[in-house]
Amino acid sequence: MIRITDILDQASTYLPPTDVALIQKAYVFSAAAHAGQIRLSGEPYLSHPLEVSNILVDLRLDAATIVAGLLHDTVEDTDASVPQIAEQFGPEVGAIVEGVTKISKMNFESKEQAQAENIRKMILAMADDIRVILVKLADRLHNISTLEFQKEYKQRAIAQETLGIYAPLANRLGLYRIKVQLENYGLQYLKPDVYAQISEGINRYQDQGQAYIDKVCGMIQDVLEQNDIKGRVKGRIKHVYSIYHKMKQRGLTLDQIFDMIAFRVVVNNLRECYTVLGLVHSLWKPVPGKFKDYISMPKANMYQSLHSTVIGPEGERIEIQIRTEEMHQLAENGVAAHWSYKERGSKKAQDAERFSWLRQILDWQGDLKDSRDFMSTLSLDLFQDEVYVFTPRGQVKELPEGATPVDFAYTIHTEVGNHCAGAKVNGRIVPLNTPLKNGDTIEIITDASRSPSRDWLQFVKSGKARSRIKHWIGTEERARSLALAKELLEKEGRRMGINVGKAIKSGEFDPVVKEFSFRHIDDLFSAVGHGRITARQVLRKLLPKEEQKPEERKADKAGQAQPKPKDSSDAISIKGVDGVLIRYAQCCNPLPGDPIIGYISRGLGVTVHTQDCPNVANMEVERLLDVSWGGEEESKVLPARIKVVCKNQRGVLGMVSGLLAKEGINIDSGQFNSGVDGMSELDFVIEVKTTSQLYGIIEKIRKLEAVQEVTRSSAG
Ligand code: MN
């Protein structure tokens, strides 16, 4: 077991004494917090944070990171809290520990490739400080290196997650040494037989291989000396996972993998890299097409080197990498090399350098859609346009920033979206317009009787949700206007002595459809429903030619003589307008008795709002219309929306709906939102005849004991 003194010794080689003292203080804190806890290996729990911070000190990271490494499990597993840590070790450390705790709580067990990439992005997005990921990777590395003490199913799950999520994440951040170890351990537990077979092959090859390595290194070293170049030459047998990867990729057996050895030459400057390449190529014949210049064309994670495969002294292929010392540091430790402690330069300058580097990596990965400047902030909002959330089964869904449960519902299935009635976020019921956060788990409550509302268009963020809602509303409105058109035509037909139902069946409308230049009878009816043509204009065409003119006048008189039928449009009278589709605005739900105003909506007839509806203020004045209630307000029920704020208490919903039932008032729909502060909100749409009836019932609900406030409300 590593001791704290080893870590402090190593830290003091590059950190000032105050930093080293802080690390010591964190050790004392962690030891007290974890006191008495034992790992499955039988070692004291403290050995784990010690090993994690040892990995971090090896990367020469700053004090905050090493301190966070020592404390990373205290919030999850002990009584310690983030504020307590922030108070004792500073807000930076507190934030890192909090981030690691957040990510560790999640379970990523999916095997799909696309899914894994989403999770990696989510982790990057959630960690608003790259050091969170460095600590998490060190944590995973130590855990997987002590996996032997876990049950087999757990070993497999952790290995799977490591190969799917964490090793690629390490690779993406250029942390080559950590990546290699994660991959090897992952393979060892996921495919133990393959791992054993390859390791055995490597061992068999070891003696023979070492002699070969010495020989080739010697030859390269000689050429370097002859040309006055100082450089390090190293040969190594490739690691298990990379051999496995090669075998799998090329469909080879272990015996067919002859390039198990890789050689590396590290020199002082860039010019020497190319000189050494020339020397190696004059020594051994290069294999055509196997030369790669990652110096002039760095890899996405900024890796730089020259790679060449040549035919070696024994006729075997060998791969040689040539790079400078600086490139080597970067190749081994990637982003950590940039985060490692540097004494010179202000903190700000260092940060700028680190982030410009990181931005380049991610730019080149093509993840950022534009070159947005996120340098202005220290946080890593790499994917600020996206949010990643979970389904109840742990699948990750990607949504635009600010997306709501409705957007989420439409990513599951159009039907789920169309019948979305409510949502739970992390187990708690929330309003449908709640913006989702990274890592939220969303559950959609559906109800076959529910359908999309126009209000949803105000808050949905995804194109898919928007287009599906519009489509639904369009279909719905068309159906409604067709039904209304038939009603208007039948009513007018009765006055004019025309049986409209019969006329439709016998095809009498067909020439009329043509005359109005429509293609289908539905289009004609839709125009009637939307008030673009009146029912009378259409029906006149069905009369014999000679009757059309005089009949018109007759019909007018007949129309005036008849009592007004009781239907929705007749509850309202509109000056100078006849047979127009009337809708009651859902934002303010006007009731007879309310002062009202009409609004000519394009293609939708007239919408009636209350005069004080906030939406009216934003409407085009020339499309506003004077309207007033007809004399029959008592005959017709209309929807009204009320909001009840009450205590979170069993049976409140029953009490309110019971009261409404007793008053003979129908409930159109209801929504129950439980709040955080012990209060709930009930949203009802009820059916009432007049404003006075509405305000009467509001008074009665207000008198209920658990109720705090009742208001007539607008939608949304
Ligand atoms: Mn841990």
Side-chain angles (χ1 to χ4, degrees), residues 1-4 6-7 23 26-59 61 63-82 84-86 89 92-109 119-120 123 126-127 129-151 154-167 169-170 173 175 177-179 181-182 185-186 189 336 439:
M1 177 172 149
I2 186 106
R3 288 170 313 163
I4 184 64
D6 301 330
I7 293 169
I23 296 172
Y27 167 74
V28 173
F29 184 100
S30 185
H34 289 296
Q37 295 177 345
I38 303 286
R39 298 198 94 211
L40 288 178
S41 62
E43 283 184 298
Y45 193 90
L46 190 61
S47 63
H48 170 63
L50 275 173
E51 294 288 354
V52 169
S53 57
N54 189 46
I55 293 168
L56 299 168
V57 86
D58 269 348
L59 290 168
L61 293 171
T65 317
I66 296 161
V67 167
L70 283 167
L71 303 177
H72 80 271
D73 273 331
T74 55
V75 171
E76 173 89 48
D77 297 338
T78 78
D79 292 337
S81 69
V82 170
Q84 194 184 356
I85 288 173
F89 300 95
E92 252 181 297
V93 174
I96 299 173
V97 171
E98 189 176 21
V100 176
T101 308
K102 233 167 30 183
I103 292 171
S104 300
K105 271 187 188 159
M106 298 184 160
N107 246 336
F108 309 112
E109 279 172 20
I119 293 170
R120 293 196 286 271
I123 293 175
M126 281 177 69
D129 185 324
I130 191 76
R131 292 172 293 182
V132 170
I133 299 169
L134 297 177
V135 175
K136 179 63 208 167
L137 287 172
D139 174 48
R140 173 50 53 105
L141 178 55
H142 182 244
N143 279 335
I144 202 170
S145 72
T146 54
L147 213 51
E148 59 198 287
F149 304 103
Q150 293 278 4
K151 294 217 168 64
K154 194 102 196 246
Q155 291 179 342
R156 294 184 59 84
I158 289 179
Q160 179 90 58
E161 191 184 83
T162 303
L163 287 178
I165 312 294
Y166 291 105
L169 198 56
L173 296 173
L175 297 150
R177 280 198 307 166
I178 288 184
K179 176 196 98 141
Q181 295 179 70
L182 290 175
Y185 283 122
Y189 288 103

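Start at 1 and go down the list; that is how both ligands and their atoms are numbered.
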Using the ring pair (Phe, Tyr, Trp, His ring centres under 6.0 Å) criterion, which residues pair with H48? Sequence neighbours excluded.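 Once residues adjacent in sequence are excluded, the partners of H48 under the ring pair (Phe, Tyr, Trp, His ring centres under 6.0 Å) criterion are Y45, H72, H142.
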
Y189: partners by ring pair (Phe, Tyr, Trp, His ring centres under 6.0 Å), with sequence neighbours left out: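 Y189 satisfies ring pair (Phe, Tyr, Trp, His ring centres under 6.0 Å) with no residue once adjacent residues are dropped.
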
Rounded at 0.5 Å granularity, tell me how far [atom1] in [X] sits from [atom2] in [Y].
| X | Y | atom1 | atom2 | result |
| --- | --- | --- | --- | --- |
| D73 | L46 | CG | CG | 11.0 Å |
| L141 | L175 | CG | CG | 10.5 Å |
| E43 | L50 | CD | CG | 10.0 Å |

Under-2.8 Å neighbours of the Mn ion (ligand 1), protein N/O/S atoms only: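 Excluding waters, the total comes to 4.
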
Kindly write out the residues that satisfy side chain to side chain contact (heavy atoms under 4.5 Å, CB included) with R3, not counting sequence neighbours, or none if the list is empty.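 R3 satisfies side chain to side chain contact (heavy atoms under 4.5 Å, CB included) with T5, D6 only.
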
